[in-house]
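Just so it is clear: chains get the letters A, B, ... in the order the sequence lines come, proteins before strands, and each one is counted from 1.
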2 protein chains.
Amino acid sequence: MLEDFGTAVAVARDREIHGQDAAAESCYRLLGGCVRTVRLDEGGRRHVAEFLLPGDFFGFASAHTHDFAAQAVSDAALLRYPRRLVEALAERDGSVSRRLREMTARDLRAACFRLLALTRNSAAGRLAGLLHDMARRLPHGNQDVIDLPMGRTDIADHLGLTAETVSRTMTLLKGDGIIWFGGTTVQVRDSAALERLAGIQPGAEPEHTNSSR
Amino acid sequence: MLEDFGTAVAVARDREIHGQDAAAESCYRLLGGCVRTVRLDEGGRRHVAEFLLPGDFFGFASAHTHDFAAQAVSDAALLRYPRRLVEALAERDGSVSRRLREMTARDLRAACFRLLALTRNSAAGRLAGLLHDMARRLPHGNQDVIDLPMGRTDIADHLGLTAETVSRTMTLLKGDGIIWFGGTTVQVRDSAALERLAGIQPGAEPEHTNSSR
DNA sequence: CGTTAGCTTGACGGACTTCAACGATAGTGG
DNA sequence: CCACTATCGTTGAAGTCCGTCAAGCTAACG
């Protein structure tokens, strides 16, 4: 399987794993830390497509080039797989090919639902969705306390907002007692309210990313 | 190949091809007309994910259920493929599996770029992008004149706007001489201006959908 | 101790939504 | 053939949310 072939790579915070529009020679799996995929459009505006967390695969759906750059949000550890090898594996082994297809389909599904959230929800709804997502995906202790690795600007560029709006909305949610935060620590105090704001019915929309398993 | 197995289906305007969250028993290829994929969220808000045009495949990336309903925007002709058969084909034939994966990856890429456009562009930019896209994809005569099959509400729900804003913005673009329209007919008079508004550099972002070839 | 980068808060303006009314077009039944 | 009605598109006025510009604040680092 894929697990046997990756080569370990360590990437320091804010360093690039691969550039935007770079030849897609490698795919990756994140083992530790946090990675963002970013694109700068012709107007110079920055857009963060996803935040990747430990266990996530990325770069597997790229055709000839990676449309988005990948950068370490925090110090990160990852495995690198040569694309040629992945393709060769898929060519030989039907189950690998199927798993790759499922992975891409999951990403597509996640992208579609993100599209829903970003075009229909207010700033509070979008932020609630992200926080809820992070609380679910981040490796946390046993409580609802998480350590947000990314800054306000990253969050803003991910949600289609400005850093100011993110900041204001965070303090709003804090004032309402829905979350608490200080430094990079965030505590979800009312998960149900968060889901309500994000427009999620109680038990829906699981596995938003290309995670492990 | 797939081409040999589809069964022809005709669907009248505004009829449903498959419902939201319906079991994904079939995949489709559109031969004529226009189809939209739609989802109603828990707030009752409607979201149009894509407009499918002749040649487009859809429903192939769905896992167990179709997350979006598919409805005929205009009278449509399509081919239906049983999913079990498609999966069986993919299991047997590596090249089919690879093509399915490429198709899903193309959709994912398109969804990511739509995400960019919808979160970063103004109403005029979004509309310009859609019109440019339609002018490129719709089967048209030899001029820049196209026949928009979908109504203002469909466009609005696709772009994350209201029908009123779409209408207003259309008349703005008309006033600027960038487009002309009357009834369902739209003429692109200044394609370069459209691309500029949409934030597209001259020769970029091709094949936005899972089209034929 | 000074500097820098990130977060917060305030004031203002603009873009889009909402609510409402009106006009045009097509389909229906008398 | 002609109201009648429903649907869609357009236009107007008012309100809201978020972006922009600007300043202050904190914490980390040299």
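- The distance between atom CD1 of A/Ile155 and atom C1' of D/dC18, rounded to the nearest whole Å, is 17 Å.
- Between A/Phe5 and A/Tyr81, the gap from one ring centroid to the other reaches at least 6.0 Å.
- For the salt bridge (charged side-chain N to carboxylate O under 4.0 Å, His left out) test, no residue two or more places apart in sequence or in another chain qualifies with B/Asp75.
- Put simply, the side chain of B/Asp41 gets close to the backbone of B/Gly43: a donor and an acceptor are under 3.5 Å apart.
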Please tabulate the protein-to-nucleotide N/O contacts below 3.5 Å involving nucleotides 25-30 of chain D, giving atom names and distances.
none

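- Going from atom CG of B/Asp154 over to atom P of D/dT7 covers 15 Å, rounded to whole Å.
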Side chain to side chain donor-acceptor pair (under 3.5 Å) assessment of B/Asp147 paired with B/Thr184: CA-CA 6 Å; B/Asp147 188 84; B/Thr184 63; 2.7 Å; yes
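- Taking the charged nitrogens against the carboxylate oxygens, B/Asp14 and B/Arg36 do have a contact shorter than 4.0 Å, which makes a salt bridge.
- Evaluation of the ring pair (Phe, Tyr, Trp, His ring centres under 6.0 Å) rule for A/His158 yields A/Phe51 as partners, not counting sequence neighbours.
- Judged by distance alone, the side chain of A/Gln20 and the main-chain N or O of A/Leu40 form a donor-acceptor pair under 3.5 Å.
- With rounding to whole Å, A/Leu118 atom CG is found 17 Å from C/dC16 atom C1'.
- Rounded to a whole Å, the CZ atom of A/Arg45 is 13 Å from the P atom of D/dG19.
- Classification of B/Asp67 and A/Arg109 as a salt-bridged pair holds, one side-chain N sitting under 4.0 Å from a carboxylate O.
- Among residues two or more places apart in sequence or in another chain, the ring pair (Phe, Tyr, Trp, His ring centres under 6.0 Å) test is passed with A/Phe68 by none.
- Residue A/Gly182 is out of contact with every strand shown, counting any heavy-atom pair closer than 4.0 Å.
- The overall bend of the helix from C/dC1-D/dG30 to C/dG30-D/dC1, read as the angle between its terminal helix axes built from five base pairs each, is 30° when rounded to 10 degrees.
- Closest heavy-atom contact between A/Val145 and A/Gln187: CG2-CG, 3.9 Å.
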Got a list of protein N/O to nucleotides 5-11 of chain C N/O distances below 3.5 Å?
residue	atom	partner	partner atom	Å
C/dC7	OP1	A/Arg152	N	3.3
C/dC7	OP2	A/Arg152	N	3.2
C/dT8	OP1	A/Arg152	NH2	3.3
C/dT8	OP2	A/Arg152	NE	2.7
C/dT8	OP2	A/Arg152	NH2	3.4
C/dT8	OP2	A/Ser167	OG	2.7
C/dT8	O5'	A/Ser167	OG	3.0
C/dG10	N7	A/Arg168	NH1	2.9
C/dG10	O6	A/Arg168	NH2	3.3

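- For the pair B/Asn121 CG and C/dA15 C1', the computed distance is 14 Å after rounding to whole Å.
- B/Leu148 contributes atom CG, which lies 9.0 Å from atom OG1 of B/Thr185 (distance to the nearest 0.5 angstrom).
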